[in-house]
Structures are given as structure tokens and as C-alpha cells.
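Below is one structure, written out as C-alpha cells, with a few remarks after it.
Proteins come first, then strands; the chains are lettered A, B, ... in the order of their sequence lines, and each starts at number 1.
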Number of protein chains: 4
Amino acid sequence: MPDDFANSASNPEDASATQHFCAKRQQVLRGAEAVFLEHGYEGASMSQIAQRAKVSKGTLYNHFENKADLFAALIDELSRLKLATMFERISTPEGNCAETLVTAAAEFITILISPSPVGMYRIIVSEAPKFPHLADIFWRYGSGIVLRNMSAWLENESKKGNLAIDDPVFAAEQFFALCQTRIIQRRRLELPVDCSKAAIQEVARKTGDAFLKIYGPVQS
Amino acid sequence: MPDDFANSASNPEDASATQHFCAKRQQVLRGAEAVFLEHGYEGASMSQIAQRAKVSKGTLYNHFENKADLFAALIDELSRLKLATMFERISTPEGNCAETLVTAAAEFITILISPSPVGMYRIIVSEAPKFPHLADIFWRYGSGIVLRNMSAWLENESKKGNLAIDDPVFAAEQFFALCQTRIIQRRRLELPVDCSKAAIQEVARKTGDAFLKIYGPVQS
Amino acid sequence: MPDDFANSASNPEDASATQHFCAKRQQVLRGAEAVFLEHGYEGASMSQIAQRAKVSKGTLYNHFENKADLFAALIDELSRLKLATMFERISTPEGNCAETLVTAAAEFITILISPSPVGMYRIIVSEAPKFPHLADIFWRYGSGIVLRNMSAWLENESKKGNLAIDDPVFAAEQFFALCQTRIIQRRRLELPVDCSKAAIQEVARKTGDAFLKIYGPVQS
Amino acid sequence: MPDDFANSASNPEDASATQHFCAKRQQVLRGAEAVFLEHGYEGASMSQIAQRAKVSKGTLYNHFENKADLFAALIDELSRLKLATMFERISTPEGNCAETLVTAAAEFITILISPSPVGMYRIIVSEAPKFPHLADIFWRYGSGIVLRNMSAWLENESKKGNLAIDDPVFAAEQFFALCQTRIIQRRRLELPVDCSKAAIQEVARKTGDAFLKIYGPVQS
DNA sequence: TATGAATGAGCGTTCATTCAT
DNA sequence: CATGAATGAACGCTCATTCAT
């Protein structure tokens with residue numbers, strides 16, 4: 001939320017993110033969110049969206065040029081606000097290193113298997129060839145944020161001698177790759193998988209353990 | 001093609017995979033493959049498919065009940081034949097353990113970023129809520145095969161003392177999660193990423209190294 | 001049209017009959033009337049109707065849910081307005097009894113062999129298994145009206161001693177069955193038949209004579 | 001049945017009625033009967049007919065030029081065989097005059113409300129504008145037969161002094177018009193109506209009574 | 001002859017988009 | 001700015017009919 005304002009203030013080029021705070025526009029976006037995430041881009045119809053948003057079909061076109069534009073605006077907004085906000089909460093760069101890794105892993109998994117990010121991932125992956133710009137935004141405000149935070153933290157821990165990392169960016173990517181073991185991957189495919197807190201905690205712990213073994217300082 | 005016969009011979013239960021060798025049916029499937037993988041399920045139209053397959057629209061319906069059925073048959077065929085064949089080639093269960101890991105990682109990455117598997121992943125992820133059965137097949141004949149092979153091999157290496165693994169299934173999943181670091185993940189989102197052989201080799205090497213650090217035998 | 005208001009005023013419950021006076025809706029209904037009565041329900045196509053109504057195909061669906069709904073609305077409207085109006089004009093409950101019978105018979109025949117009622121009869125008979133509700137409406141606002149009027153009149157004449165009828169409802173039904181002798185029956189089958197005024201008058205006269213012989217007061 | 005052979009022998013012009021006694025052809029006609037009478041001419045599809053007849057679609061076209069020709073052949077056959085046979089059974093030209101009228105009326109009603117004649121009536125009425133020839137055949141071999149028989153019988157009874165009829169053809173038509181009172185008329189519209197034997201008997205009796213009152217000899 | 005795959009026109013319906021109100 | 005009727009192209013699908021086997 002603070003990032004939203006900060007962002008629009010410091011990045012004057014993307015007027016698109018702040019455009020109007022018009023209530024009708026928000027209504028439309030909420031309808032679009034519900035319908036797009038449920039049915040995909042091609043599967044969603046402007047009539048459905050209008051109905052769900054409780055506005056007329058014409059109103060859609062007063063605020064957005066066409067279906068593609070509405071979709072882009074939605075993904076943009078969801079990435080910058082919803083996703084970014086979720087991810088900002090993750091890194092807690094103080095205290096015990098091993099515990100932090102496990103906590104961060106658990107939080108990352110928990111966020112990524114919740115309905116909205118799963119829906120966003122699905123639609124963005126499937127529309128990536130048609131809307132590469134959106135995949136870019138999704139990445140920058142989604143995984144990107146957390147990757148940047150994480151790599152900075154890793155670098156710091158490395159300096160403190162808690163970890164031995166030469167390429168913190170790649171290490172961060174590996175960490176998040178490991179986080180996706182089992183639960184996230186299967187959830188995205190709607191495969192049956194235990195998503196309980198305990199199951200998440202177990203994957204998180206194994207992820208932390210593994211990461212420490214890869215990058216833990218050599219003990220003599 | 002030879003694999004096709006092998007497959008149908010060893011799995012006599014899945015008549016669906018071999019159904020007809022009717023040429024027109026194959027034509028339709030190839031048209032469907034091109035159009036579905038390019039435009040997604042909803043984005044593909046039966047007319048396009050007929051055109052691409054160079055058959056009439058009616059012919060589509062002589063071989064498949066409806067769009068969903070054609071789609072299911074296509075994914076089924078692609079998973080069982082194309083994907084499975086690709087993945088069967090991976091495991092090389094002899095020789096040096098560290099080298100095998102790197103080689104397998106490189107092959108896995110190479111396969112997963114090639115156009116067809118990327119397209120399949122996109123369409124299956126996006127249609128998972130509507131076609132959960134297909135995600136299941138895709139998993140079983142895609143990652144599933146390689147996971148099973150890999151976990152068996154890991155168990156074996158563990159017995160030989162080359163690795164120290166207590167949960168080989170989870171370890172295999174972690175290995176493939178690590179393989180997806182950077183290249184695969186970005187490729188699926190159509191993000192700019194270096195897909196050169198060298199880049200793949202680097203990720204593969206780092207993946208092998210990391211895995212060995214996690215599960216390598218404790219050297220005293 | 002004036003009858004329309006009368007109708008909607010006296011039957012405040014059937015909002016369906018008066019729904020919109022939207023011009024386009026009327027255009028659609030007139031196109032539907034032309035095409036349905038000419039080609040039957042299954043034989044009529046929505047494209048034809050749109051063309052005849054000089055509207056786009058989409059407009060059809062802005063006013064009616066689907067083909068069946070449009071058909072039902074048309075039959076409903078035709079029965080309540082056109083048919084009912086025609087039949088309301090029949091009964092002339094004053095003057096000489098024998099003459100009234102002949103006049104009513106002639107009017108009834110004349111109405112029932114005119115194009116619209118013949119077309120309606122054909123389509124309703126043929127679609128009765130699929131749209132029983134429409135046959136019911138057609139009967140209630142078609143023959144039903146005239147049957148009710150006629151049986152009331154017969155009862156009255158009976159009381160006056162001009163006729164000797166114990167079951168006026170059945171007698172009315174017999175009267176209209178007799179009216180259908182030759183001309184109406186053949187017309188509905190498109191068989192060659194003399195439909196001249198003279199021919200109608202002759203059947204009407206014979207019908208009146210016959211009815212009087214059946215129900216005329218016993219002359220001592 | 002005897003009429004069939006007699007007919008085809010004495011009327012060498014209508015080869016169409018006898019064409020083949022080929023079993024396949026009969027199979028096709030039985031399938032066509034089931035489907036046409038259930039769904040109407042436009043509502044029936046050649047595929048349905050082939051399926052119901054348990055032959056291939058191609059076979060339909062080996063025996064009949066097209067859909068219209070198959071339909072015409074079916075109606076022709078049904079009229080000449082089924083309908084005619086049913087109606088031949090009616091007239092019992094001996095014994096008491098009044099009783100004969102009531103019996104004939106009851107038989108006529110019973111036949112006309114049975115499924116096949118109702119279905120035929122529906123489809124022929126609705127397709128009369130498109131297939132006037134079929135309505136003609138239906139009339140000649142349906143009501144026509146019984147009308148001819150009845151008018152001959154009426155003329156005879158008239159000569160015997162049991163009835164006083166100057167136009168026996170018209171009288172016969174009136175008799176059958178009266179027979180259609182209530183039950184037949186409503187049945188054709190699928191309106192709720194009591195079709196029990198008792199109900200039929202009552203209408204038949206009233207019809208006989210009425211007819212006798214119209215044409216009974218003047219009692220002095 | 002009997003078959004059923006192939007055809008492409010046409011079906012009922014929905015779509016994204018426009019525009020007069 | 002909000003509306004929702006109007007549009008016609010395109011959708012998934014079925015049709016009557018043909019023809020190689």
C-alpha cells in the first residue's frame with residue numbers, strides 16, 4: 001500500500017497505474033478480476049465482466065479502450081498492489097539466519113498457493129506470448145521484489161559470515177526454485193496435494209535445510 | 001514412432017493412445033496441436049484447426065465429439081508420446097554420480113524450454129481448473145516419468161554410498177525444482193533470458209553442485 | 001391495436017402480452033410471424049427472421065432469449081391479440097336464432113380459413129408435443145373464446161325456449177365441429193376446395209340447419 | 001393389406017408403392033417412420049433416421065433420392081397401408097342403423113386418436129404447403145376411404161328409408177366432422193382430454209344421436 | 001449394394017464493440 | 001459519464017448429401 005503511493009510519486013512515467021480513483025473504474029476492475037481470473041483472458045466475456053461489476057457494457061469502454069486494455073490494466077494493478085504488497089511482507093532480515101530462511105520459505109509458499117496468485121500465474125503464463133509486457137510486470141512486482149529483497153539480504157548475511165555466497169542473485173533464485181518443490185508446482189496444476197500448514201512448514205524446513213547445506217559457511 | 005509401438009505394446013490398457021492410425025485423424029491432431037499450443041484452448045477456433053489441418057470442419061466432428069474432446073485427445077497423445085519419449089531419454093544411470101546429475105539437469109532444462117513442452121505447460125496450467133484430468137496425465141507422463149526414474153536412481157546411488165538420501169522422492173522433486181531456476185521459469189513467462197547451451201550448462205552445473213552439497217555423503 | 005389496450009386493461013395480470021412497445025421488438029415479431037408461419041418452427045431460421053425483420057441477428061437475442069422463446073412470444077401475441085380480436089367479433093346475440101347460427105358459422109369459417117389462422121393452426125398442431133403450453137394458449141384465446149361465448153348464448157336461447165339444450169358446452173363444441181365440415185378441414189390440408197363466399201354460405205347454412213334439427217325445440 | 005396388392009395390381013401407374021420389398025428398404029422406412037412422426041419433417045435428421053433404422057447413412061441414399069423423397073415414400077406407404085387398413089375395418093353396413101352410426105363413430109374416434117394417425121395428421125398438416133401431394137394421398141387413403149364407404153352406406157340406408165339424405169357425400173363429411181368434437185380436436189393439440197373408452201363412447205353416442213336427428217326420417 | 005468418412009453450407013448463439021440517448 | 005440496444009463477424013456444431021471403398 002505505501003509502495004503504491006511511493007511508486008506513483010517516484011515513477012511519474014506510469015500514469016496508467018494511478019489514472020482515476022473513480023469508483024466506477026474500481027468497480028469495473030473488481031468485476032474484471034473476478035471474471036478474468038476465473039475464466040482466463042479468452043474465456044472471459046465483456047458482458048460477464050459488466051454483469052459482475054454491476055455496470056453497463058458501455059461503461060467498460062468509457063474507462064478502457066478494449067478488452068486487451070482492460071486486461072492489461074487489471075494485471076498491472078494486481079501486480080503492483082496486491083502481489084507487491086503480499087511480497088513486501090516476507091523478508092524479516094533480522095535474527096537467526098536459518099530460522100529466517102525457513103520463515104521466508106513458508107511465507108512465500110503460503111502466498112503463492114493462495115487463490116489470487118495462482119490465478120494470476122495461470123493467466124499470465126498462458127497469455128505470455130500475447131501480452132509479454134504483462135509477464136514482465138508480473139515478474140517485476142511479483143517474484144522480482146522478493147528476489148531483490150532476498151538477494152540483498154543474502155549478500156548481507158554473506159558479509160556477516162553467516163553464509164558463503166558468491167552470486168547472491170542466483171542463490172536467491174535457487175532459494176525460490178526450491179520453495180516451489182511439490183506444493184506450489186502441484187497447486188498450479190490443480191493436482192491433489194497436501195496444502196496444510198504442517199505440509200507447508202515441512203517443505204519450508206527442508207528448503208531451509210537444503211539452502212544452508214548449499215550455502216552454509218564451511219565449518220572446520 | 002517406434003516408441004509409439006513400444007508404448008502401446010507395454011501398456012495394453014490404454015487403447016486411447018493408439019486408437020486409429022487413420023491418416024485424417026492424425027491430420028486433425030496435428031492441426032489441433034499447432035492451433036491449441038499457439039492460441040490456448042479458448043483462443044483456438046475449430047475453423048482455424050480445420051484450416052490448419054486442411055480438412056473440413058465437419059471432419060473434426062467425425063473424429064472427435066467436440067472441442068473439449070479434441071483438446072483432451074491431443075493433450076493425452078502429446079503427453080503419452082511426445083513428452084514421455086523426450087523424458088525417457090534422460091536418465092543415464094551409470095558412471096560418475098556428479099556428472100550424471102549435471103547431464104540430467106542439462107537435458108531436463110533443454111527439453112522443458114523447447115517450444116512444445118513450453119506450449120503444453122502454458123495451456124495445461126491455464127486449463128487446469130477446467131480439465132484437471134489433463135493436468136494429471138501431463139504430470140504422470142511428463143515430470144512424473146522423470147521423477148520416478150530419478151528417485152529410483154537416487155535410491156540406488158544412496159545404497160551405493162554415493163549419496164545420503166532418506167526421502168528419494170522428495171529429493172528428486174527438489175532436484176527438478178532446482179533445475180527450473182532462472183531459465184525454465186523465465187522462458188515460461190516469455191521473459192528475456194539467455195537460453196544458449198552455455199547458459200543451460202551453467203545452470204545445470206550449479207544445480208548439480210547444489211544437489212551434491214545437499215545430499216552428498218558426509219566427508220570426514 | 002385498440003383491442004390491445006382493452007385487453008391489457010381488462011387482464012392486468014398478463015404483462016407478457018404488452019411487455020414493451022419497443023419498435024424493434026415489434027419489427028422482430030413481425031419478421032418472426034412471416035417466417036414461422038411460412039416455414040414452421042424447425043424450418044424457420046433465425047437468419048431468415050432477422051433478414052425479414054430487417055434487423056441484425058444479434059438484435060433477435062437482445063429481445064428474446066432464444067428461438068423457442070421468440071416462437072412462444074409470437075404465438076402468445078398472435079393468440080391474444082390477432083385471434084382473440086377476430087373471434088370477439090363473431091357472436092351477435094340478438095335477433096332470430098336460426099339466422100344468428102348461420103351468420104356465426106359463416107364468420108367462423110371465414111376467419112378460420114384466412115391465412116393467419118390456418119398458418120397458426122398448422123404450426124401449433126405440429127409443435128404441440130414440444131410446446132404444449134402454446135397449444136393451450138392458442139386454444140384458450142382462439143376457439144376457447146368463441147366456445148365460451150357460443151355456449152353462453154346457447155344457454156340463453158335455451159332458457160328463452162328457442163333451443164332445447166341440456167349440455168350447452170358440448171353443443172357449442174358440436175356446432176364448431178360442424179362448421180369445420182369440408183372447407184376448413186380441406187383448407188388446412190391445402191386440398192383443393194371451393195372457398196368462395198357462396199360455398200362458405202352454403203356450409204354455414206347446412207350447419208345452421210343441422211344444428212337446429214339437433215337442438216331445435218320439439219315442435220308438437 | 002389385401003387392398004395393397006389389389007391396388008398395386010390394378011393401378012400399374014404407381015410403381016412407387018411396390019418398388020422393392022427389399023428388407024433394407026423396409027428397415028429404412030421403419031426408422032423414418034419413428035423419427036419423422038416424432039420430430040416432424042424439418043426436425044428429423046437423416047443421421048437419426050439411419051441410426052434408428054440401424055443402417056448407414058449411405059444406404060438411405062441408395063433407396064431414396066433425398067430427404068424429401070424418403071418422406072414422401074413414407075407418407076405414401078403409411079397412408080396406403082396403415083391408415084387405409086385401419087379405416088377399412090370401420091364400416092359395418094348391416095344391422096340397426098342407429099347402432100351402426102354409434103359404432104362407426106367410436107371406431108373412427110379410436111383410430112384417429114391413436115399415436116400413428118395423430119402423428120401423421122400433425123406432420124401432414126404442417127408440411128401441406130411444401131408437400132401438397134402428400135396431403136392429397138393422406139386424404140384419399142385416410143378420411144377419403146371412410147368417407148366414400150360411409151356415403152355409399154348412407155345412400156343405401158336412405159334408399160331403405162332408414163335415413164332421409166339428399167347429399168350423402170356432404171352428410172358423410174358432417175358425420176365425421178361431428179366425430180371430431182372434443183376428443184380428436186383436443187388430442188391433436190395435445191390438450192388434456194379424457195380419452196377413456198367411456199368418454200369415446202359418450203361422444204360417439206351423442207354423435208350418432210345428433211346425426212339421426214339431422215337425417216333421421218321424419219316421423220309422423 | 002452397403003458403408004461411413006468427408007464435405008461445406010448453414011444452424012442457433014455469443015462476441016467485442018459502437019453509439020444514440 | 002452511464003446506459004443498453006444494435007451490429008455483424010465469428011463461434012461451436014449439425015446438416016443433407018457425396019463418393020471411394
So for [X] and [N], does any side-chain atom that can act as donor or acceptor lie under 3.5 Å from a complementary atom in the base?
| X | N | result |
| --- | --- | --- |
| A/Asn62 | F/dA2 | yes |
| A/Lys57 | F/dT3 | no |
| D/Lys67 | F/dT17 | no |

Pair assignment for E/dT17, Watson-Crick or G-U wobble, requiring both distances under 3.5 Å: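 By the stated definition (distances under 3.5 Å), F/dA6 pairs with E/dT17.
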
Could you check which nucleotide pairs with E/dC11 in any of the strands shown, counting Watson-Crick or G-U wobble with both distances under 3.5 Å?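 Pair assignment: E/dC11 / F/dG12.
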
Could you check if a side-chain atom of [X] sits within less than 4.5 angstrom of a side-chain atom of [Y], using non-hydrogen atoms only?
| X | Y | answer |
| --- | --- | --- |
| C/Met120 | C/Ser79 | yes |
| C/His63 | C/Leu70 | no |
| B/Phe64 | B/Phe71 | no |
| A/Arg30 | A/Leu74 | yes |

For DNA chain E, whose closest nucleotide is more 5', that of C/Glu65 or that of B/Val55?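 Closest to the 5' end, via its nearest nucleotide, is B/Val55.
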
If I take atom [atom1] in residue [X] and atom [atom2] in nucleotide [N], what distance separates them, rounded to the nearest angstrom?
| X | N | atom1 | atom2 | value |
| --- | --- | --- | --- | --- |
| A/Tyr61 | F/dG4 | OH | C1' | 13 Å |
| C/Glu42 | E/dG10 | CD | P | 18 Å |
| D/His63 | E/dT1 | NE2 | C1' | 7 Å |
| C/Gln51 | E/dG12 | CD | P | 13 Å |
| D/Gln48 | F/dA16 | CD | P | 8 Å |
| D/Leu60 | F/dC15 | CG | P | 13 Å |
| B/Lys54 | E/dG8 | NZ | P | 14 Å |
| C/Phe36 | E/dG12 | CZ | P | 8 Å |

Looking across every strand, which nucleic acid part, if any, lies under 4.0 Å from B/Ala68 by heavy atom: base, sugar-phosphate, or nothing?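 Touches nothing.
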
Categorize B/Ala50 for me: base, sugar-phosphate, or nothing, with a 4.0 angstrom heavy-atom threshold over every strand shown.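 B/Ala50: no heavy atom of the nucleic acid under 4.0 Å.
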
Would C/Arg25 and C/Glu77 pass as an ion pair if we require N to O under 4.0 Å?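 No salt bridge links C/Arg25 with C/Glu77.
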
Between [X] and [N], is there a contact of a side-chain N or O with OP1 or OP2 at under 4.0 Å?
| X | N | answer |
| --- | --- | --- |
| C/Ser56 | F/dT7 | yes |
| A/Ser45 | E/dT14 | no |
| B/Thr59 | E/dA5 | no |

Shortest side-chain distance from C/Lys24, nucleotide among F/dA6, E/dT13, E/dA6: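 Nearest listed nucleotide: F/dA6.
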
